[in-house]
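In what follows, a single structure is set out as structure tokens and then discussed.
Atoms considered below: every heavy atom in the structure, side chains included; atoms not considered: hydrogens, waters and symmetry mates.
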Amino acid sequence: MIIELLSQEHRNIERLLAVLEHELDIFDRSGRPDYEVIRAIIAYFEVYTEMYHHAQEDRVFARLRIRDPAAAEKIGDLAHEHREGAKRLHRVAKAVDGVLADREFLREDVDRIVRDFLQHERRHIRMEDRDFFPAAQKALQPDDWTEIASALSPHKDPLFSDATEARFDALRVHILQLEQEAEAERR
């Protein structure tokens, strides 16, 4: 079902946010984070999240507005939230590019920009998981899901699927390494 797919993508996005936060913590300690990994995260959000994940959510939301306008109203302007997230991501990319180009950037400013992105993405995901997805599951009819499914993109997640892209190899390895380290710490 489409909601399960979107929920799984949220879990994958949360993993990326954790990696980005880990790299930011290294940066905040005056260390050198893995900029290849950071750029891969930015690219993932620019390509997959913006072009495919949000497009699917927007289709579901459009049907929800038809089936249950009150629930849709309670959720708010989802497309606007997605656009605002893209703007925040653009600020993150610009800040990272500035650091890499040795432009004058205060570490506090970079930290603030990236943490703002992390905070808003996590809040957005929580809202969708808590409010949007359950409302859609309750209100949409089988023919709505069929129509949405017919418009699904054939593109697979470039990081978390069998159709992985080479440009995300370093990020994939980094995620696995961090998860193994976290697991070892829990033991």
Would you kindly confirm whether [X] and [Y] end up in one hydrophobic cluster when ILVMFWY residues are joined by side chain heavy atoms under 4.5 Å apart?
{"X": "I41", "Y": "L100", "answer": "yes"}
{"X": "Y35", "Y": "I42", "answer": "yes"}
{"X": "I66", "Y": "V60", "answer": "no"}
{"X": "L6", "Y": "M1", "answer": "yes"}
{"X": "M51", "Y": "L5", "answer": "no"}

Are any of the side-chain heavy atoms of [X] and [Y] separated by less than 4.5 Å?
{"X": "K94", "Y": "R91", "value": "no"}
{"X": "H124", "Y": "L78", "value": "yes"}
{"X": "K74", "Y": "D131", "value": "no"}
{"X": "I13", "Y": "F45", "value": "yes"}
{"X": "R123", "Y": "Q119", "value": "no"}
{"X": "Q137", "Y": "E4", "value": "yes"}

Hey, what do you get for [atom1] ([X]) to [atom2] ([Y]), rounding to the nearest 0.5 Å?
{"X": "F117", "Y": "E21", "atom1": "CZ", "atom2": "CD", "value": "12.0 Å"}
{"X": "H22", "Y": "I38", "atom1": "NE2", "atom2": "CD1", "value": "10.0 Å"}
{"X": "T146", "Y": "L140", "atom1": "OG1", "atom2": "CG", "value": "10.5 Å"}
{"X": "L20", "Y": "E121", "atom1": "CG", "atom2": "CD", "value": "10.0 Å"}
{"X": "K87", "Y": "H90", "atom1": "NZ", "atom2": "NE2", "value": "11.0 Å"}
{"X": "D109", "Y": "E104", "atom1": "CG", "atom2": "CD", "value": "11.5 Å"}

Nearest heavy-atom neighbours spanning [X] and [Y]:
{"X": "I3", "Y": "A136", "answer": "CD1-CB, 4.3 Å"}
{"X": "E50", "Y": "H82", "answer": "OE1-O, 3.9 Å"}
{"X": "A95", "Y": "I113", "answer": "CB-CD1, 4.1 Å"}
{"X": "F61", "Y": "G76", "answer": "CZ-O, 3.1 Å"}
{"X": "A72", "Y": "R65", "answer": "CB-CG, 3.4 Å"}
{"X": "I75", "Y": "L64", "answer": "CD1-CD2, 3.6 Å"}

Under 3.5 Å, is there a donor on one side chain and an acceptor on the other for [X] and [Y]?
{"X": "Y48", "Y": "E9", "value": "yes"}
{"X": "E14", "Y": "H10", "value": "no"}
{"X": "Q56", "Y": "R59", "value": "yes"}
{"X": "H54", "Y": "D58", "value": "no"}

Determine, for R11 against D129, whether the closest basic-nitrogen to carboxylate-oxygen distance falls under 4.0 angstrom.
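Looking at R11 and D129, the cut-off is met.
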Partners of D97 by side-chain hydrogen bond (donor to acceptor under 3.5 Å, both in side chains), sequence neighbours excluded?
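side-chain hydrogen bond (donor to acceptor under 3.5 Å, both in side chains) list for D97, sorted by chain: R39.
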Determine whether a donor-acceptor pair (N or O, by modelled atom type, separation under 3.5 Å) exists between the side chain of [X] and the backbone of [Y].
{"X": "H120", "Y": "D116", "answer": "yes"}
{"X": "R107", "Y": "F27", "answer": "yes"}
{"X": "D144", "Y": "Q141", "answer": "yes"}

Can R83 and H80 be said to form a side chain to side chain contact (heavy atoms under 4.5 Å, CB included), step by step?
CA-CA 5 Å; R83 286 190 304 275; H80 174 75; 3.6 Å; yes
